[in-house]
Amino acid sequence: MARHVSCDDIRTRFSHAMSDMYRAEVPQYGTLLKLVADINAQTLYHNAHGQDALTDRGGSELARIEIERHGAIRLGTASELYTIRRVFAVMGMFPVGYYDLAPAGMPVHATAFRPVEDDALSQNPFRVFTSLLRLELIEDEDLRERAAAILERRQIFTDRLLTLLDRFDAEGGLNDEDATAFVIEALETFRWHSHATVDADTYHAFHQAHRLIADVVCFHGPHINHLTPRTLDIDATQQAMPEWGITPKATIEGPPRRDCPILLRQTSFKALEEPIVFPAEHVDESGGEAGEEAGTHTARFGEIEQRGAALTRRGRRLYDQLLAASREATHGLEGEIHQRALAEAFHDFPDDEATLRRKGLAWFDYQLADGARVADPASLPGERDALIEALIEQGVIRARPITYEDFLPVSAAGIFQSNLGESSAQHYATTDSRGDFEAALGVAVEDEFALYEQRSERSLAACLAALGLSRVA
Ligand code: OOG
Ligand code: NI
């Protein structure tokens, strides 16, 4: 039997193919990539420490930055979500986390498909924020039923892709030829279609109910709506954007600028209105066919992100609390002034690595220092936390923050809004629908906190084992 291509390789082939496709479709994305590469090179040049901080996994963090991207798609039905899970599985990407965006006025819930193993993440951490429209939140019953009927009729996956998915599931992998075909076929699902599947009136009716509904329901497939490169300095990138002909949104989402970056900071720019064509649906009075009708649709945009340390549950609670509390102080503010008020509101969030670690606010990865040896094992404390501190103090092990690999619901809602128009947030009185989402997905989503904890524990256990101190772990 022919050898299987690794899922990691398929993911990397796919993310390159997707990036090439998006660059051809949205030229501003190409400009953004150049700008981010430029800023990253400058940041590394001016900040040897920044480079050092990125070399935590033996330099792999630095290597992955250049290919690191996240994208987003919006799906219409449970069965689309079920099948996209199978598609991402071929690329070694699994659903992590549940994001309910209804409280923020978006009629969707979501997960992030991403690699979960350390090795896979360091090779290429490609992620796709994947949301599912919640039709039940459309109030107008007639519109809701029309949307469901339209979505029921479409097939967003090619026949060949479905065959390849069955082969992958049956054989546990794809050979080189099939992997190549898989990338080509999977890309079709993410492609932009300028022909709407519904007439202009139907489109406008959905658009009126919520722009997001029109975007999901009226097209042949869930076009990739952005691909985001990772910058090492989002403030500098945001500032430079206008010089490159790109207009960013007024505020950076997420935590303020800090010495020790945490979680995720993001900003986006609105894509231009794109021409679309509505099919000729009616026969006009003279008996001739009324021609296709031209229109426009705003769907695709650009975004940049800067990633920092993953927070523990405790750290995340503090982040959520401070962010909520900052609302009043930052309301209506933009740009630098907004960032200053936000930084003020985050004053109580410790901003040095040692405190973040000791207070259990962020996750750390532990590595043995070069040539590390314990001089006097008997003198080491028995209690675990004290032992770790002693080993760090003696320079035997090093602790590095683990990079946050996920998304933030409040930020995501802000990104949705900037892209769909500020007026897009609506009030939805809903309960958390995680159960429905997981039923559609066919599996439970993984818990991101558990993944970070396991990684931290594994790295620590390996250090202690190598030092002959495993009894404590
Ligand atoms: C997804 C918006 C969320 C992010 O980075 O948080 C997102 C969408 O607009 O479909 O991309
Ligand atoms: Ni995004």
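We're numbering straight along the sequence, starting at 1. In this text, all values refer to a predicted model and were calculated from it rather than measured experimentally. As the structure lists them, so they are numbered: ligands from 1, and atoms in each ligand from 1.
Per-residue contacts place Phe407 under 4.0 angstrom from the following atoms of ligand 1 (heavy atoms of the residue considered): 4 (C), 5 (O), 6 (O). Within ligand 1, counting atoms from 1 as listed, the ones closer than 4.0 Å to a heavy atom of His226 are 7 (C), 11 (O). Listed by number with element, the atoms of ligand 1 under 4.0 angstrom from any heavy atom of Phe416 are 1 (C), 2 (C), 8 (C), 9 (O), 10 (O). Which parts of ligand 1 touch Asn225 is read off a 4.0 Å heavy-atom cut-off, strictly below it: atoms 8 (C), 9 (O), 10 (O).
With respect to Arg74 and Asp215, a salt bridge is recorded, a charged nitrogen being found less than 4.0 Å from a carboxylate O. Under 4.0 Å is where a charged nitrogen must lie from a carboxylate oxygen, and between Asp320 and Arg317 no such pair does. The pair Arg265-Asp235 meets the salt-bridge criterion, since a charged nitrogen lies less than 4.0 angstrom from a carboxylate oxygen. Ion pair Arg257/Asp351 not flagged as a salt bridge, since none of the NZ, NE, NH1 or NH2 atoms sits closer than 4.0 Å to an Asp/Glu carboxylate oxygen. Between Glu80 and Arg154 there is a salt bridge, with a side-chain nitrogen of the basic residue lying less than 4.0 Å from a carboxylate oxygen of the acidic one.
Side-chain contact check for Tyr22 and His226: no donor-acceptor pair (N or O, by modelled atom type) lies under 3.5 Å.
The proximity of Ala72 to ligand 1, defined as any non-hydrogen pair under 4.0 Å, is limited to the side chain. At a 4.0 Å heavy-atom cut-off, ligand 1 does not touch Ile73 at all.
Heavy-atom distances between Glu253 and ligand 1 stay at or above 4.0 Å for every pair. Residue contact check for ligand 1: Glu305 places no non-hydrogen atom closer than 4.0 Å to it.
If you run side chain to side chain contact (heavy atoms under 4.5 Å, CB included) between Tyr404 and each of Leu263, Leu311, Ile262, only Leu263 comes through.
With hydrogens and angles disregarded, no donor-acceptor distance shorter than 3.5 Å links the side chain of Ser456 to the backbone of Glu453.
The Ni ion (ligand 2) has an N, O or S atom of Glu303 closer than 2.8 Å.
Considering only non-hydrogen protein atoms, atom 3 (C) of ligand 1 sits nearest to Ala412 CB, 3.7 Å. Nearest protein neighbour of atom 4 (C) of ligand 1, counting heavy atoms only, is Gln266 NE2, 3.2 Å. Closest to atom 10 (O) of ligand 1, if we only count protein heavy atoms, is Arg74 NE, 2.8 Å.
Seen from the ring of Phe407, Arg307 counts as a face-on cation partner, given the 6.0 Å and 45° thresholds.
For the pair His70 and ligand 1, the shortest N or O to N or O distance falls below 3.5 Å. Annotation: Glu303 places an N or O atom under 3.5 Å from an N or O atom of ligand 1; distance criterion only.
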